[in-house]
Amino acid sequence: MDERELLRSVPLFTELSDLDITSLSRLASRRRCPKDTVVFFENEEGDSVFMILEGRIKVTILGDDGREIILSMLGPGDFFGEMALLDNEPRSATAIAVEDTDLLSLHRTDFQGVMGNNPAISAALIKVLSTRLRRANHQISTLALLDVYGRVARVILDMAREEGRRLKDGRIAFRRATHQEIANRIGTTRETVTRMLKDLERQGLIRVEGREIVLQPGFEKAFD
Ligand code: CMP
């Protein structure tokens with residue numbers, strides 16, 4: 001795919017005219033990040049926004065004790081790094097490639113130019129930021145209101161709905177995340193997650209099938 005087709009595949013830019021896409025393609029640069037590369041660290045100064053073409057980016061905050069809390073997992077078509085450009089503050093979180101990842105980056109002034117010239121892009125960006133705020137509110141309620149068992153169940157349901165696929169029989173199958181990743185989404189330990197997942201499996205509410213977890217009938221009803 002050439003640069004212009006790649007840019008078209010980013011939902012934020014679908015509204016752009018061919019002319020705008022062509023000029024944007026001259027401004028955007030490609031960056032390949034092998035698995036485990038840090039794209040940038042929290043608190044750094046930031047000068048670029050990134051679009052994910054392929055792969056997965058973990059948005060994370062590290063506590064002083066080295067504990068990690070995962071704010072979000074982003075995939076193809078998503079963008080990140082816009083906040084530092086919008087409010088002129090340092091990076092609000094660290095971004096790490098958790099798979100081999102292909103990015104497009106746009107420099108601050110070019111990003112501001114595209115937004116200024118295309119109200120539709122600004123509107124699309126605000127929509128995504130609102131969705132992220134809703135998710136963050138949901139995450140706050142999960143952390144503040146549920147006990148650890150409820151949190152594990154909720155995060156499983158969220159991951160299934162965000163990343164999963166419906167099987168013909170109506171069950172949802174989704175990527176089997178590591179127990180550490182699940183723990184880091186909800187501020188608990190890996191051991192606790194392992195224990196809770198075993199428990200859910202014993203109750204027949206989840207099943208591990210190869211590299212996927214499958215929610216069994218009754219799971220959504222029990223934890224929605
Ligand atoms: P920026 O602050 O420049 O750098 C970190 C980026 O992570 C930030 O821009 C957003 O793009 C992204 N980010 C921060 N918080 C969240 C969140 N709660 N959900 C999704 N993405 C986020």
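Residue Phe111 is grouped with residue Leu27 when hydrophobic side chains (ILVMFWY) are merged at heavy-atom distances under 4.5 angstrom, including chains of intermediate members. Connection of Phe223 to Ile206 is established within a shared hydrophobic cluster, with ILVMFWY side chains joined at heavy-atom distances below 4.5 Å, either directly or through further cluster members. Tracing side-chain contacts under 4.5 Å through hydrophobic residues (I, L, V, M, F, W, Y), one never reaches Val208 starting from Phe174; they form parts of separate clusters. When hydrophobic clusters are built by joining Ile, Leu, Val, Met, Phe, Trp and Tyr residues whose side-chain heavy atoms come closer than 4.5 Å, directly or via intermediates, Ile213 is grouped together with Leu205. Ile121 and Leu86 end up in the same hydrophobic cluster when Ile, Leu, Val, Met, Phe, Trp and Tyr side chains are linked at under 4.5 Å.
If you check the side chains of Ser48 and His107, you find no donor sitting under 3.5 Å from an acceptor.
In this structure, CG in Leu104 is found 6.5 Å from CZ in Arg30, a value given to the nearest 0.5 Å. Taking OG of Ser92 as the start and CD of Glu82 as the end, the distance is 7.5 Å to the nearest 0.5 Å.
Residues passing the salt bridge (Lys or Arg N to Asp or Glu O under 4.0 Å) test with Asp64: none are found, sequence neighbours excluded. Judged as a salt bridge (Lys or Arg N to Asp or Glu O under 4.0 Å), and not counting sequence neighbours, the contacts of Asp47 are Arg108. Residues that satisfy the salt bridge (Lys or Arg N to Asp or Glu O under 4.0 Å) test with Asp87, not counting sequence neighbours, are absent from this structure. Applying the side chain to side chain donor-acceptor pair (under 3.5 Å) criterion to Asp102, with sequence neighbours excluded, gives Arg32. In this structure, Arg176 has no salt bridge (Lys or Arg N to Asp or Glu O under 4.0 Å) partners at least two apart in sequence or on a different chain. Evaluation of the side chain to side chain donor-acceptor pair (under 3.5 Å) rule for Thr60 yields Glu68 as partners, not counting sequence neighbours. Remark: Asn117 pairs with no residue by the side chain to side chain donor-acceptor pair (under 3.5 Å) rule, at least two apart or across chains. For the side chain to side chain donor-acceptor pair (under 3.5 Å) test, residues two or more places apart in sequence or in another chain that qualify with Thr189 are Thr192.
Taking the charged nitrogens against the carboxylate oxygens, Asp78 and Arg132 have no contact shorter than 4.0 Å, which rules out a salt bridge.
A donor-acceptor pair under 3.5 Å is formed between the side chain of Asn118 and the backbone N or O of Val114. Using a distance-only test at 3.5 Å, with no hydrogens or angles considered, a donor-acceptor pair links the side chain of Thr101 to the main chain of Glu99. Side-chain atoms of Thr14 do not come within 3.5 Å of backbone N or O of Val10 as any donor-acceptor pair.
Members clustered with Leu145: none, using a 4.5 Å side-chain heavy-atom cutoff among hydrophobic residues. Taking Ile, Leu, Val, Met, Phe, Trp and Tyr as hydrophobic and joining them when side-chain heavy atoms fall under 4.5 Å apart, one finds Val59 in a cluster with Val39, Phe40, Phe50, Ile52, Ile57, Ile61, Ile69, Leu71, Leu74, Phe80, Leu103. Counting side-chain heavy-atom gaps under 4.5 Å among Ile, Leu, Val, Met, Phe, Trp and Tyr, the cluster of Leu167 also holds Val214.
Under a cut-off of 6.0 angstrom, the local environment of CD in Glu44 is crowded, with over 12 non-hydrogen atoms contributed by other residues, nucleotides or ligands. No more than 12 heavy atoms of other residues, nucleotides or ligands sit less than 6.0 Å from atom CZ of Phe41. The number of heavy atoms from other shown groups lying within 6.0 Å of CZ (Arg134) does not exceed 12. The number of heavy atoms from other shown groups lying within 6.0 Å of CD (Gln216) is above 12.
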As a quick check of understanding, evaluate side-chain contact (heavy atoms from CB on, under 4.5 Å) for Arg56 and Val98, giving each step before the final call. CA-CA 6 Å; Arg56 238 151 31 95; Val98 288; 3.6 Å; yes

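Proximity of Thr37 to Ile96: side-chain heavy atoms (C-beta onward) are nowhere separated by under 4.5 Å. In this structure, the side chains of Met51 and Phe13 come closer than 4.5 Å at one or more pairs of heavy atoms. Put simply, the side chain of Ile182 does not reach to within 4.5 Å of the side chain of Thr178, judged on heavy atoms. In this structure, the side chains of Lys58 and Glu181 stay at 4.5 Å or more apart for every pair of heavy atoms. Side-chain contact between Met83 and Glu89 is absent, with no heavy atoms from C-beta onward closer than 4.5 Å. Counting heavy atoms from C-beta on, the side chains of Arg202 and Asp199 come closer than 4.5 Å. Contact check for Ser25 versus Arg4: side-chain heavy atoms found under the 4.5 Å cut-off.
Exactly one of Leu106, Leu125, Asp110 qualifies for a side-chain contact (heavy atoms from CB on, under 4.5 Å) with Val49. That residue is Leu106.
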Listing, residues 151-165 side-chain donor-acceptor contacts under 3.5 Å, not counting sequence neighbours, or none:
residue, atom, partner, partner atom, Å
Arg151, NE, Leu146, O, 3.3
Arg151, NH1, Ile186, O, 3.0
Arg154, NH1, His138, ND1, 3.3
Arg154, NH1, His138, NE2, 3.3
Arg154, NH1, Thr142, OG1, 2.9
Asp158, OD1, His138, NE2, 3.1
Asp158, OD2, His138, NE2, 3.1
Arg161, NH1, Asp224, OD1, 3.2
Arg161, NH2, Glu220, OE1, 3.0
Arg161, NH2, Asp224, OD2, 3.2
Glu162, OE2, Arg135, NE, 3.1
Glu163, OE1, Arg175, NE, 3.0
Glu163, OE1, Arg175, NH2, 3.4
Glu163, OE2, Arg175, NH2, 3.2
Arg165, NE, Glu212, OE2, 3.2
Arg165, NH2, Glu212, OE1, 2.7
Arg165, NH2, Glu212, OE2, 3.3

